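Written out below as structure tokens is the structure these notes cover.
Keep in mind the model is a prediction, meaning the values are calculated, not measured. We count ligands from 1, going down the list as the structure has it; atoms in each ligand are counted the same way.
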Amino acid sequence: MESFKCSCGNTLFFGNTRCLTCGSGVGYDPERDTLIPIRPGSGVKLCENGQRHNNCNWVLSSRSNERLCVACRMNRTIPDLNSARNKSLWAKMEVAKRRLLYTLLRLGISLPSKIENPNIGLAFDIVSTITNPEITMGHLNGVITVNLEEADDSYRQINKQQLGESSRTLLGHFRHESAHYLWQRFLSHLSWEDPQRLAFRQRFGDEWLDYSAALQAHYDKGPPSNWESRFITAYAASHPWEDWAETWAHYLQIVDGLETCEALGIQVKFISIPLITLPAEAGTLPDSLPQSADADGEFLAWLQRWMCLAPVLNEVSHSIGEAPLYPFIITPKVAQKLRLAHHYANLWGQS
Ligand SMILES: [Zn+2]
Ligand SMILES: [Zn+2]
Ligand SMILES: [Zn+2]
């Protein structure tokens, strides 16, 4: 995530609605990829969800006939706003959703809404399982459904413990579901032997495996005993699609994390931190794809920067009495999957 500058020179962050130095109201303009002041003459207006519900800081052109920003226009279903609790949970959901959209747009991936483009567009259903017990989180034909209750910290904590997850966040949910959406949009229509699709199978396994049986087996028996050597999370071991979704979510986490460090002037060097050095093959693409040793090396250097940062994040977290911020291990097999995610990101970013 980049940081931004106010016209007064103060540093602004993505979620800011006001500059604390000069008092200007500010909002994020997705077209210009910057935070800009909202005032007469600046040519923008605040999204109506920001004006009415104080839960969005994105802007749109003041000449636009639309009332909602591009991110809010993707909402197909929003919670019942007669409940104050729902309103505050919804605001947390929107923060996570906007951060996902920001990263995808930065990668260059076009994101039409489902209204603009019913075939490949994206929409969100933000629904509470208290009022709609039948819903499950997931992706279907361009619609990502998230459970509003997950925005309740104690609810999410209980799920996290019951499912034995080391990390469970709203942003993680959005990133995970975006992987299913992108898979369907960019890979599902390719022929079985298309190199891109073959590459997927080579890294993630046979996607024709019976999905519901695989998930049931995962919940009944748990992950295989040595899952850490091959998967980024235990859930990733349940089915190739879930492995892809967990890997993609993780890839976006690293993209965002390293971008944030660089934007704030943190230089990550390969010194003084004992780190796992990945072997060269950890940066390689499946052999169905064109090979480039330079691109592989660049990817590995990028990933190693993150792997230097991870123990620092964890130690700082311990210093303030918290659990490790980054409870993950990137093995060579996991790195190879991240490499493929990086390849797809570059490919789809030119779409
Ligand atoms: Zn300012
Ligand atoms: Zn909005
Ligand atoms: Zn999934």
Side-chain angles (χ1 to χ4, degrees), residues 3-31 34-39 42 44-61 64 66-75 78 90-91 93-102 105 111 113 124 126 136-140 143-147 150 163 165 168 172-184 204 207 209 211-212 214-215 218-219 231-250 252:
S3 52
F4 307 91
K5 279 257 177 294
C6 182
S7 48
C8 75
N10 187 29
T11 298
L12 297 172
F13 297 101
F14 184 62
N16 286 163
T17 52
R18 187 163 294 283
C19 170
L20 292 177
T21 302
C22 71
S24 301
V26 295
Y28 176 75
D29 183 345
E31 275 175 38
T34 188
L35 252 79
I36 66 168
I38 304 167
R39 55 175 171 238
S42 65
V44 294
K45 60 185 176 187
L46 182 62
C47 170
E48 194 176 85
N49 280 341
Q51 293 180 33
R52 287 181 58 197
H53 306 298
N54 201 21
N55 73 354
C56 182
N57 74 333
W58 283 26
V59 301
L60 59 165
S61 165
S64 170
E66 300 286 353
R67 297 171 296 114
L68 298 171
C69 74
V70 286
C72 290
R73 288 208 295 276
M74 288 185 187
N75 288 341
I78 59 165
W90 181 38
M93 279 288 177
E94 292 293 335
V95 167
K97 191 189 85 182
R98 285 193 297 274
R99 201 159 178 123
L100 165 73
L101 297 179
Y102 169 88
L105 291 170
L111 290 175
S113 74
F124 293 91
I126 303 172
T136 47
M137 289 205 290
H139 164 263
L140 186 67
V143 180
I144 287 175
T145 302
V146 284
N147 177 8
E150 284 282 324
L163 296 167
E165 294 173 341
R168 187 176 180 92
H173 288 321
F174 279 104
R175 286 172 172 161
H176 176 105
E177 299 308 335
S178 81
H180 293 309
Y181 161 69
L182 293 168
W183 194 91
Q184 188 177 27
F204 295 100
E207 74 247 32
L209 281 175
Y211 180 75
S212 25
L215 250 61
H218 173 79
Y219 288 122
F231 301 97
I232 189 66
T233 63
Y235 184 59
S238 63
H239 186 277
W241 281 338
E242 297 311 321
D243 191 9
W244 154 249
E246 291 289 273
T247 302
W248 175 255
H250 205 84
L252 295 185

Notebook entry, point to check: Can you give me the SG-the Zn ion (ligand 2)-SG angle for Cys69 and Cys72, to 10°?
Noted result: 110°

Notebook entry, point to check: Counting backbone and side-chain atoms alike, does His139 have an N/O/S atom under 2.8 Å from the Zn ion (ligand 3)?
Noted result: no

Margin query: Before moving on, can you tell me the angle at the Zn ion (ligand 1) between the SG atom of Cys22 and the SG atom of Cys6, to the nearest 10 degrees?
Written below: 110°

Check: Which atom names give the shortest non-hydrogen contact between Tyr181 and Ile144, and what distance separates them?
Finding: CB-CD1, 4.4 Å

Check: In Glu242, what N, O or S atom is nearest to the Zn ion (ligand 3), if we give its atom name?
Finding: OE1

Notebook entry, point to check: What's the spacing between Tyr28 OH and Thr34 OG1 if we round to 0.5 Å?
Noted result: 8.0 Å

Check: What is the ring orientation for His176 with His180, classed by angle as parallel under 30°, tilted 30 to 60°, or perpendicular over 60°?
Finding: perpendicular

Check: Is the distance between the ring centroids of His53 and Trp90 less than 6.0 Å?
Finding: yes

